[in-house]
Undergrad: 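Here's a structure for you.
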Amino acid sequence: MTPLFNDDFQELPLKRALAQVMAKREAGAKVVGAYCSYAPVEVVWAMGGVPAVLCAFSNAPIAKAEETLPVNLCPLIKSSFGFIELKTCPFFELTDAVVGETTCDGKKKMFELIQEHRPLYVMDLPQCPTNEGAVAYWRHSVNGFKKFLEGTFATTISDAALEESIRECNRKNRLVEQIFAFGACAPAVITWQELYAVATYAMSAHGPEAIAQLEEIIATLTARREQKLYTSPEGTKRVLITGCPVGGDVLKVLKLVDEEGAAIVGLDSCTGLKPYANVTEEGTGDPLLAIAKRYLQIPCACMTPNTGRFDVLKQQVESLKPDLVIDLVLQSCHTYNVEAVKVESYVREDLGTNYLKVVTDFSQQDLGQLKTRIAAALEMS
Ligand code: SF4
Ligand code: SF4
């Protein structure tokens, strides 16, 4: 079967992303590290920079982080922090500046501890997105980030450059959405490893090169569908993953689904489709407001109410037709953990689909227990 990417990085999406960032840096682009889907990358691209994702999913640096941070903190935060302390995150080492957002408490306080390492801007994110004034306030934060980049790198980011960047990002995001829509094919023509690789690639890819690559992927998937080249046999149980971002050591959960013979057909998280959904309005005359409006629609559990998450789940369940929704919650992520109460009831009662919540960290110690629970949930789906 033709792979989606014709390069040396098969099965190595993070190495591909690193190569993308390094190539752009060597060509003169400033690297702006980001920890969250709320980072408005249109502003970075408009400056001629390149965003690099800094969220880490490795268990290796956690012991180092726990020398400073509380043990009962989300592993994503501990891993990201530990990498910085050890100076072993290749992405962070490439960054010229970092942007953070006031999402969850652990992350926002962690930013205070890393500010000595790089120029850092923390965007104040309103967490009641439908309240009056929220969009206008968030626009101020987006403008603050733009000014921070202009000041840090002695440059100017024009409205015209922002408009162009919005157009390019919209084009790219629509193509990523089209690729994820192949998850609806039954039998499946795309694996979760490929969905994850596309989401990882698109974060640090931009312009005609990105468009050509994503269009090529769509052509490959179209050919697979037409030639009946399936990635799993007919009748395979289908799974949608929702919840916290996943990667690295926490991919253990997704691998266990593979081991049980089921197929993951959708990744509804920030390491999946979430950062590419929604459209930024073009040609409004106020690109910062257009960016602010679009980003405030991201349905993260740090928001209240987070009604958008349920709209997305409905749309994803209706199109992907999963037999089971796995809500993957990282340990000590209170927002996703509490929201799971409503998500479970919505998925079971309103969408009529089986549901399993999994709370885990980056260690391998719960593998046996996870395997049993996933197998039982699939059996009942
Ligand atoms: S889950 Fe929320 S806080 Fe985490 S990266 Fe996504 S949007 Fe940001
Ligand atoms: S997974 Fe939850 S606790 Fe961890 S960084 Fe993301 S929002 Fe914060």
Side-chain angles (χ1 to χ4, degrees), residues 12-18 20-21 31-41 44 50-62 64-65 69 73-95 97-115 117-118 120-123 125 195-205 241-254 267-276 295 298-302 328-336 360-363:
L12 299 168
L14 290 180
K15 288 225 160 104
R16 178 184 295 116
L18 189 63
Q20 291 169 246
V21 174
V31 181
V32 180
Y35 284 98
C36 181
S37 299
Y38 287 106
V41 292
V44 178
V50 55
V53 176
L54 299 178
C55 289
F57 299 95
S58 166
N59 201 46
I62 284 189
K64 177 65 183 167
L69 299 175
L73 186 66
C74 158
L76 191 159
I77 303 172
K78 288 192 288 189
S79 182
S80 306
F81 180 78
F83 267 126
I84 295 171
E85 289 285 287
L86 292 165
K87 298 194 190 309
T88 50
C89 173
F91 289 96
F92 191 85
E93 294 307 307
L94 287 174
T95 57
V98 171
V99 59
E101 299 76 20
T102 54
T103 50
C104 62
D105 290 349
K107 243 190 198 176
K108 115 183 132 194
K109 297 308 284 183
M110 189 267 277
F111 295 142
E112 293 177 20
L113 305 180
I114 63 168
Q115 64 188 6
H117 296 283
R118 291 289 186 280
L120 170 76
Y121 187 76
V122 178
M123 303 177 70
L125 179 71
L195 291 170
Y196 178 65
V198 168
T200 307
Y201 164 79
M203 201 43 75
S204 297
I241 302 285
T242 185
C244 295
V246 292
D249 285 329
V250 85
L251 293 176
K252 64 185 177 184
V253 176
L254 285 68
L267 300 177
D268 168 39
S269 67
C270 286
T271 39
L273 185 58
K274 206 180 271 190
Y276 305 101
Y295 277 83
I298 293 174
C300 175
C302 69
L328 201 158
V329 177
L330 295 180
Q331 255 170 27
S332 308
C333 177
H334 304 314
T335 52
Y336 275 96
T360 189
D361 61 8
F362 297 173
S363 74

Undergrad: Can any side-chain N or O of Lys274 pair as donor or acceptor with the backbone N or O of Pro299 at less than 3.5 Å?
TA: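 Yes; at least one donor-acceptor contact below 3.5 Å.
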Undergrad: Report yes if the side chains of Phe83 and Thr88 come closer than 4.5 Å at any heavy-atom pair, otherwise no.
TA: yes
Undergrad: Hey, could you give me the CG/OG1 distance between Leu54 and Thr95, rounded to the nearest 0.5 Å?
TA: 6.0 Å
Undergrad: Using 0.5 Å steps for rounding, measure from the SG atom of Cys302 to the CG atom of Leu125.
TA: 5.5 Å
Undergrad: For Cys74 versus Ser332, what's the shortest heavy-atom pair and its separation?
TA: N-CB, 3.7 Å
Undergrad: Determine whether a donor-acceptor pair (N or O, by modelled atom type, separation under 3.5 Å) exists between the side chain of Thr271 and the backbone of Val246.
TA: yes
Undergrad: What is the minimum heavy-atom distance between Ser269 and Gly243, and which atoms define it?
TA: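 Closest approach of Ser269 to Gly243: CB-O, 3.5 Å.
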Undergrad: Okay, side chain of Ser79, backbone of Leu76: is any donor-acceptor separation there less than 3.5 Å?
TA: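 Looks like no, no N/O pair under 3.5 Å.
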Undergrad: With the side chain counted from C-beta on, respond yes when Cys104 and Ile77 share a heavy-atom pair under 4.5 Å apart, and no when they do not.
TA: yes
Undergrad: Looking only at heavy atoms, which two atoms of Gly82 and Lys64 are closest? And how far apart?
TA: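 What the structure gives for the nearest pair is O-CG, 4.3 Å.
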Undergrad: Looking only at non-hydrogen atoms, find the nearest pair between Arg118 and Glu93 and report the distance.
TA: NH2-O, 3.4 Å
Undergrad: Are the side chains of Leu94 and Leu18 in touch, meaning some heavy atoms are under 4.5 Å apart?
TA: yes
Undergrad: Any side-chain heavy atom of Lys78 within less than 4.5 Å of one from Gln331?
TA: no
Undergrad: Counting N and O atoms only, with roles assigned by atom type, does the side chain of Tyr196 sit under 3.5 Å from a partner on the main chain of Leu267, one being a donor and the other an acceptor?
TA: no
Undergrad: Output the distance between atom CZ (Phe81) and atom CE (Met110), rounded to the nearest 0.5 Å.
TA: 8.0 Å
Undergrad: With a 4.5 Å heavy-atom cut-off, do Val44 and Val99 have their side chains touching?
TA: no
Undergrad: Measuring only between side-chain heavy atoms, which start at C-beta, is Tyr295 closer than 4.5 Å to Ser37?
TA: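 No; the side chains remain at least 4.5 Å from each other.
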Undergrad: Checking Ser80 side chain against Ala56 main chain: does a donor-acceptor pair fall under 3.5 Å?
TA: yes
Undergrad: Could you tell me the separation between the CG atom of Leu330 and the CG atom of Leu73, rounded to the nearest 0.5 Å?
TA: 11.0 Å
Undergrad: Under 4.5 Å between any side-chain heavy atoms of Ser204 and Val21, yes or no?
TA: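 Answer yes - side chains close enough.
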Undergrad: Might you work through the side chain to side chain contact (heavy atoms under 4.5 Å, CB included) test for Leu113 and Leu69, ending with a clear yes or no?
TA: CA-CA 10 Å; Leu113 305 180; Leu69 299 175; 3.6 Å; yes
Undergrad: To the nearest 0.5 angstrom, please state how far the CZ atom of Phe362 sits from the NZ atom of Lys252.
TA: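 Rounded to the nearest 0.5 Å, the CZ-NZ separation comes to 9.0 Å.
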Undergrad: Minimum heavy-atom separation for Gly272 and Pro275, please, with both atom names.
TA: O-CD, 3.4 Å
Undergrad: For Ala52 and Phe91, which heavy atoms make the closest approach, and how far apart are they?
TA: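 Answer, listing the atom of Ala52 first, then Phe91: CB-CD2, 4.2 Å.
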Undergrad: Find the distance between OH (Tyr121) and CD (Glu101) and round it off to the nearest 0.5 Å.
TA: 10.5 Å
Undergrad: Could you check whether the rings of Phe111 and Tyr35 sit parallel, tilted or perpendicular, using 30° and 60° as the cut-offs?
TA: tilted
Undergrad: So do the side chains of Pro75 and Ile62 get within less than 4.5 Å of each other, counting heavy atoms only?
TA: yes
Undergrad: Under the 3.5 angstrom rule, does the side chain of Tyr276 hit a backbone N or O of Ala199 as a donor-acceptor pair?
TA: yes
Undergrad: Under a 3.5 Å distance rule, please check whether Arg16 uses its side chain to pair with a backbone N or O of Thr200 as donor and acceptor.
TA: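 Not confirmed, Arg16 side chain does not pair with Thr200 backbone.
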